[in-house]
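Worth knowing before you read on, the calculation uses all heavy atoms, side chains too, and leaves out hydrogens, waters and symmetry mates.
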Amino acid sequence: VAFACAALVVVLELGALGVDGGGGGRLAQRYFRAHGDNVTCVELNAAGTRGVSGEVGARPNVLVWDADSLRVLHAFGGGFYSAGLAVLFFSPDDALVVAVGMDTDHSLGVWRLASAPGEPATRLGEEKGETLDRAAVYGGCWMERKRPPREPGEDDAAYEARCGRSEDRDTFATVGYGKHVKFWELQQPDEALDEYQAESANAVWDQDNNPVTDSWRAVYLGWPSRVLLTAGENGLVYAWFDKKCVASFRAHARGPCLGLALARVDHPAEGEGDQSVEFATGGADGQLKVWRARLPPAELPEGEELAPG
């Protein structure tokens, strides 16, 4: 677990506390000290081996670092962003980072990390959002990762094993103020050129059954349900499929649902049944809850509710 404290990132080793079932132990707490100003956001990759953090300032930097050694691997963003960084997250293969700024245009950049530590990152796509008088983007997550090229001599079985269920496109989501639930696609109009565009589409709210609200966090469940979950200001958790809100349930009775994280996700093979997921929510009511749900493949039937255990 990593969180910001002034200009530091505090990294906690939960295994030492027996959180992983290994028994009680002393808290292992370390500090990432490379930022020059207050840290505004921090995220770890899915494996917990890398962190990415951003700071406040006129020319704020994004730092990618090793979670074990706390050594800086990449630094970028100074000059593209102003005011500070609001949201950061990795792609599933850790090759790309999405970074959203705190400036009034809510500048969004998709950055490709160099293969060697210390080499500069490349900004692939960028976008300027709507100008509002408050921070508009509170969270986000990667969704589908584009399939990498086939290796020379690689047969179909080896390619499928290496790529898993990757798609033919790069997609991610951002959430925030008002109706801000957006689905993004990183496009490369001409594959012969190393040029990209970040294109977005607004989500479609089902206002009759699922009230519109600010959204704080987002997680993607992947194959086979392909459902995105978002945490609402009104205490509800929303489920999205194909850019549409298909269900919601109340996670916290008082105040917003501020935290949303995946605990376990099953990815059954095609035709092998529903997807089983466990996720945690944290609310302004001071409660931390763990939920279990089963989702059918590909699509939630219209009007069907999630049934947390």
Side-chain angles (χ1 to χ4, degrees), residues 1-22 25-57 59-81 84-101 108-124 139-143 145-146 148 162-164 166 170 172 186 217-220 222 259 261-265 280:
V1 173
F3 60 91
C5 179
L8 302 176
V9 175
V10 182
V11 181
L12 299 179
E13 301 288 348
L14 295 184
L17 293 176
V19 176
D20 60 356
R26 297 188 64 182
L27 175 65
Q29 180 170 300
R30 296 175 298 129
Y31 304 98
F32 177 68
R33 305 174 182 269
H35 282 285
D37 212 324
N38 286 350
V39 178
T40 52
C41 52
V42 57
E43 289 287 338
L44 295 176
N45 66 354
T49 57
R50 284 189 174 189
V52 59
S53 49
E55 62 193 16
V56 72
R59 295 172 59 89
N61 279 318
V62 177
L63 302 182
V64 176
W65 38 275
D66 184 277
D68 183 32
S69 66
L70 302 184
R71 180 171 63 97
V72 175
L73 303 176
H74 307 280
F76 55 91
F80 178 72
Y81 299 104
L85 276 300
V87 174
L88 297 165
F89 52 89
F90 287 101
S91 63
D93 60 359
D94 302 336
L96 305 176
V97 168
V98 175
V100 184
L108 180 147
V110 182
W111 301 79
R112 180 171 58 203
L113 302 180
S115 57
E119 294 183 0
T122 303
R123 188 173 72 250
L124 300 183
C141 67
W142 204 276
M143 296 176 64
R145 184 72 172 100
K146 187 175 182 179
R162 180 168 66 91
C163 298
S166 301
D170 284 308
F172 56 92
L186 186 62
R217 300 285 290 178
V219 295
Y220 184 60
L262 291 178
R264 181 183 60 82
V265 183

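The two residues G54 and L85 have their closest heavy-atom pair at CA-CB, 4.0 Å. Nearest heavy-atom pair, E55 versus D37, reported as atom, atom and distance to 0.1 Å: OE1-N, 3.9 Å. Between G51 and L44 the shortest heavy-atom distance is CA-CD2, 3.8 Å. Counting all heavy atoms, side chain and backbone alike, A67 lies closest to G48 at CB-O, 3.4 Å. Across every non-hydrogen atom of L88 and A99, the tightest pair is CD2-CB, 3.3 Å. Nearest heavy atoms, A4 versus V42: N-CG1, 3.9 Å.
How far OG1 of T49 is from CG of D94: 6.0 Å, rounded to the nearest 0.5 Å. Distance check, rounded to the nearest 0.5 Å: CZ of R50 to NE2 of H74 gives 5.0 Å. Here CG of L63 is found 4.0 Å from NE2 of H35. Values are rounded to the nearest 0.5 Å. Atom CZ of F172 and atom OG of S91 lie 10.5 Å apart (nearest 0.5 Å). Interatomic distance, N61 CG to Y81 OH, rounded to the nearest 0.5 Å: 11.5 Å. In this structure, CG on L186 lies 6.0 Å from CH2 on W142, to the nearest 0.5 angstrom.
By the 4.5 Å heavy-atom criterion applied to side chains, W65 and V52 are not counted as neighbours. With a 4.5 Å cut-off on side-chain heavy atoms, L96 and F89 do not count as touching.
At distances below 3.5 Å, not a single donor-acceptor pair connects side-chain atoms of T40 with backbone N or O atoms of A86.
Judged by distance alone, the side chains of W111 and T122 never bring a donor and an acceptor atom under 3.5 Å apart.
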For this session: Determine, step by step, whether L113 and V64 satisfy the side-chain contact (heavy atoms from CB on, under 4.5 Å) criterion, reporting the C-alpha distance in whole Å, the side-chain angles of both residues, the deciding distance to 0.1 Å, and the verdict.
Result: CA-CA 9 Å; L113 302 180; V64 176; 4.2 Å; yes
For this session: Would you please test Q29 and E13 for side-chain contact (heavy atoms from CB on, under 4.5 Å) and show each step?
Result: CA-CA 6 Å; Q29 180 170 300; E13 301 288 348; over 6 Å; no
For this session: Decide side-chain contact (heavy atoms from CB on, under 4.5 Å) for L70 and V11; before the verdict, give the C-alpha distance in whole Å, the side-chain angles of both, and the deciding distance to 0.1 Å.
Result: CA-CA 9 Å; L70 302 184; V11 181; 4.1 Å; yes
Exercise. Checking side-chain contact (heavy atoms from CB on, under 4.5 Å) for the pair V98/V87: CA distance, chi angles, key distance, verdict?
Worked result: CA-CA 8 Å; V98 175; V87 174; over 6 Å; no
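R123 forms a cation-pi arrangement with F80, by the criterion of a distance under 6.0 Å to the ring centre and an angle within 45° of the ring axis.
The pair D170-R145 meets the salt-bridge criterion, with a side-chain N (NZ, NE, NH1 or NH2) lying under 4.0 Å from an Asp/Glu carboxylate O.
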